[in-house]
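Worksheet for the structure shown next.
Letters A, B, ... are given to chains in the order of the sequence lines, protein chains preceding strands, and every chain is numbered from 1.
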Amino acid sequence: MNEVFATVYGYARALWRRRWWAVAVAWSVCGLAWVIVLLLPERYEAKASVYVDTRTALRPVLEGIAIQQDFQAQLSLVREALLSRPQLEAVATKTKLYADITDAAGKEALVSALQKQITVVATAAAAGSSNTQQEALYTISYQHPNRDKSVEVVRTLLDNFVEGTLSGNRSGADEAQNFLGSEIRELEKRLADAEARLADFKKHNVGMLPGERGDYFSRLETEMNGLQQSETNLAIALSRREELQRQLAVARQYVPGTSTTSGSGGAGVGSDLSARIQESEARLEEHLLRFTEKHPEVVALRRTIVELKEREAKELAELAQGRPGSGAIRSLNVNPVYQSIQVQLNQVEVELASLRGAVAQHRKEMAGLRTYVDSAPEVEQEFSRLNRDYSVIKAQYETLVGRLEKARVTDNATQSGIVRFEVIEPPRAGMAPVWPKRSLFIAMALFFGIGGGIVAALLPHFLWPTFGDMESLSRLTGLPVLGAVSLLRRPDAAIQVRQQVVFFAAACLGLVVVGVALVVFGNAGARALQSLLV
Amino acid sequence: MSLIERALQKARESGDAAPTALERASIGSTPKPSQTPEQHKRTTAAVELPRIAAAPDLTITEAFLREKGLRAPTDQEQQQRAEYRHIKHGLFAEFRNTEMRRLVLVTSALQGDGKSYSAAHLSLSLAVEPDHTILLVDADVIRPNVSRAFGLSDRPGLMDAVGDESMDVQSLIVTTSIEGFSILPAGRPNQNATEYFASARMHEVMEQLLAVPNRIVVVDSLPLLLTTEARALASLAGQILLVVRAEITPQSAVLKALELLGESANVKLLLNAAVHTKALDYLGLGYGYNYYNVEK
C-alpha cells in the first residue's frame, strides 16, 4: 500500500514539477480544438420516412387477375435507381446544388458526394409469410449546411421515390396500355377490312356460299332432285290437263234450261239449241244403227248438227262477250260438270304454269351450278380463307382487348391500393443543426486538453524515470542507500508554494471556465467567429 | 553551541598555542589511548611528515560556510545535520573493517547531482568524529567546486602533485580551523590532467595520502558517465558513494553508472535533494528528524 501511495505521490510531484508545461499544452490543445470546433460549418439533417405495405386485402382478390408485381424487388431497384447518377444529377439541378459549380469535374464530384451523403435506409417491419418481407420502412436522410436546402433535397428525393415506385408501374402500365390501345385500333381497322371483304365476297357469290345451303355437290343433288320432282309433277299435271281437256271436249257445254237455273249468269244459255242438238244427235245415232254414213239422212243430220253447234257457239261467244239478249241464250244453262271440269282445268293450267316455272328454275339452278362446277371449290377456299382471316383477326382483337382490360384493372388496383404508401414523416429538418454537436465537441476538447496537459507533464516521468525516494532507489539498484538528504526549502517557501498553487489553480480554472462558457454559448460564438472570418 | 563552533572559538582563543587537533591532523596522529607506542609507531611507519605551521591555512566560520552556501536555513539545519550523520554512520560501518581502504570516492552519474556538496558536507560531518581526521580531496579538476567553495582555487593541489613527481602532496594540503578537517585543492588545470588519473603516479599520490593513519580521504570526483577519470579512481577507493539527485537523475543513468563501476565495486548510494514534506511524514514515507526540534 505504501508503494501505491509512493507511486501516486510520485505522479503528483511529477505533475507539479511540470505544471506549467501541462498548462501550456492544455491551453494550446483546447484553444486550437475550440477554434476548429467553432469554425466547423453546421449541418442540418432532413429526414423523411415512408412506410410501404404491399400486403393489402386486394391482393388475394386480384391474384391471377391483375399482374402481380414483385414490389420488393422493385423497391430495391428503385432505391438503387434513386441514388443513381442521373437521378442525383436531376436532384442537384432541381435543388440548385450546382449553384457555383460549372465545370464537369466539379459537378461529378458533387454527385459523388451526394451519393455518399444521402442515405436510404430500409428497415423491414415484418416478415411476410409467403415470399419476402412485405412491409418496409424507408428513411431518406441528408445533411446540408443550409436547413432549407436539406429539406428540399429530401423532398425531391421522396417525390422521386414515390413517383418512381408507382410510375415505375404506372408508366409501364401506361405504356403498356397505350401500346395495347394502338394495337387494338389497328386490329379494329383490319377487322373492319376483313369484314368488308367477307361481305363483299358474300355479296358477289351469293348463291355459292356454303352454310345454309350446303356445299356444292349436295346443292347440285338437291337441285336435281328438285328438278326431278318438278318434272314428275309437271308430267302429272300435263296428263291431268290432257284428261281434263278430253273430258271437256266430250262434255256438253250447255244443257237445256231447267228449273235449276237460279239466275246464275251463263246458266240460261240457249237451252232450245242444245235440246235440238241433243235431239239431232239422238236421231243421228238412231240412223247410224240402220244406215251408213252415206245415207242422205245421216248426212243431213250431221249438217244440221254442225249448224246447230255453230249457232250455239256463236251464241255462247256472244254470251261470253256479254251480249245478252239472244233468245237462245236464255234457254241454255251451262253444264255444271262442264264447269267443274273447266275449273279443274284452269287449276291444272295454273299448276302447270307454276310447275313449269319450278322446272325452269331448277334447270336454271342446275345450269348455274354446273357453270360454277370448276370455280365453286375455289370460291369455297377463298371464303374459308376470308373467314379464317377474319376469325384470326377477331381472336387477336379479343385477346388484346382482354389484356387491355386486365392492365386497366391492374392499374386501378394499383391506384386503389395493391401497394400502400404512407408518408410517415414528411421531409423535415430539425431546427438545431445535427452536426457538429458543439457542446459535446467543446467538452471533449476540454477533456482532451486537460488530458493532454497531464500526459505532457507526466510523460517524461514515465519515459525517463527518476528516483523519488530511497525505497525505489534501493530496490532498483539492489544496493544499500546510506541515506537521503532533503531538498532545502527557501524561507519563504510556504508563501511561494501557495502563490504557485494559486497561479496554477487559476490557470486550470480559467481553462475550465472558458470551456464551460463555450459549451453554453457555443453556437452563438461559432456564428460570431465565422462571420468575423468568413 | 555546536562542536564546530566550539572548535572555532577555541581556535580563536588559542592563537599560537600548542598544536590543536587540526595541527595534529596535519602533523600526524597522536597515539590512541588503547594503543601502545609500538602499535602506534607501526601504523605511522610510512611517512614522517615535516611539521607544518600551527596556524590553519583556512579559517572556516559559520558565516563563511553560510556565505559559501554550505549551510542550510536555520529551520532545516537540524534535519540536514541529522541526515548527514545518518549517512556517515553508514560509511563507518564499513570502516570497522580495518582492511578497508579509508578512501571514499564521491561520484555521480551525471553532472549537477550534488557530488561536491555531498562530499563537503560529509567531510564536515566526518570531521567531528574524534577518532579520525578527514581529508577532502577535490579531484574534479574540470569543475573544482570544492576548491572554489573554500576559496582555494588558485592554490596548488592534486593535479600539481600528480603532474610533478618531485612534489610532495602532503605539503599541498590545506589545513582548516576545523579540527580534523583539511582540504587538498584540485590544483591548477593541466592539459594532460585527464591522462594522469589512470597513471601510476595517481596511485602513488593516493597511497601517500592514505599513509597518514586514521585519516579518511573523501574524494570529490567527476561524473561517471560524462568522464573517464572517475572510473579510474574507482579502483583506488575503499567505498564508492554514488550520489543520486532525487527526481532529476534518470534511473537509466544511475544504472548505467553502476554498470560501469562493475559488480566488484563497493558502491553505496546517497539520495540528494530528496523530497521531504509533512505529507510524506504522515504517510510514513518521510524521514523527518523532528525529534531534534526541541524548543529551548
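Considering B:Arg245, B:His86, B:Gln80 in turn, B:Gln80 is the only one that fulfils the side-chain contact (heavy atoms from CB on, under 4.5 Å) rule with A:Val485.
Within 6.0 Å of CG in A:Leu463 there are more than 12 heavy atoms belonging to other residues, nucleotides or ligands. Within a 6.0 Å radius of CZ in A:Arg498, no more than 12 heavy atoms belonging to other residues, nucleotides or ligands are found. Heavy atoms of other residues, nucleotides or ligands lying less than 6.0 angstrom from CZ of B:Phe64 number more than 12. Under a cut-off of 6.0 angstrom, the local environment of CZ in B:Arg148 is crowded, with over 12 non-hydrogen atoms contributed by other residues, nucleotides or ligands. More than 12 heavy atoms of other shown residues, nucleotides or ligands fall within 6.0 angstrom of atom CZ in B:Phe92. Around NZ of A:Lys47, the count of heavy atoms belonging to other residues, nucleotides or ligands within 6.0 Å does not exceed 12. Within 6.0 Å of CZ in B:Arg231 there are 12 or fewer heavy atoms belonging to other residues, nucleotides or ligands. Annotation: B:Lys256, atom NZ; neighbour count of heavy atoms from other residues, nucleotides and ligands within 6.0 Å does not exceed 12.
When heavy atoms are compared at a cutoff of 4.5 Å, B:Leu255 approaches chain A solely by way of its side chain, counted from C-beta outward. With a threshold of 4.5 angstrom between heavy atoms, B:Leu242 does not approach chain A through any atom at all. Only the side chain of B:Leu258 comes within contact range of chain A, judged by heavy atoms closer than 4.5 Å. With a 4.5 Å cut-off on non-hydrogen atoms, B:Val267 touches chain A through its backbone and its side chain both.
Distance CD/B:Glu77 to CG/A:Leu488: 10.5 Å, rounded to 0.5 Å. Taking CG of A:Leu482 as the start and CG of B:Leu271 as the end, the distance is 11.5 Å to the nearest 0.5 Å. With rounding to the nearest 0.5 Å, the separation of CZ in A:Arg490 from CD in B:Gln76 is 12.0 Å.
Considering every non-hydrogen atom in both B:Glu247 and A:Thr466, the closest pair reads CA-OG1, 3.0 Å. Looking at every heavy atom in both residues, A:Ala484 comes nearest to B:Ala274 through CB-CB, 4.0 Å.
B:Val275 places none of its side-chain heavy atoms less than 4.5 Å from the side chain of A:Leu487. No side-chain heavy atom of A:Phe467 sits less than 4.5 Å from a side-chain heavy atom of B:Leu269.
Within residues 10-34 of chain A, the residues having any heavy atom under 4.5 Å from a heavy atom of chain B are, by residue number, A:Arg13, A:Arg17.
No donor-acceptor distance shorter than 3.5 angstrom exists from the side chain of B:Gln79 to the backbone of A:Ser486, with no hydrogens or angles considered.
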Going through the checks in order, is the side chain to side chain contact (heavy atoms under 4.5 Å, CB included) test met by B:Leu270 and A:Val481? CA-CA 6 Å; B:Leu270 189 156; A:Val481 179; over 6 Å; no
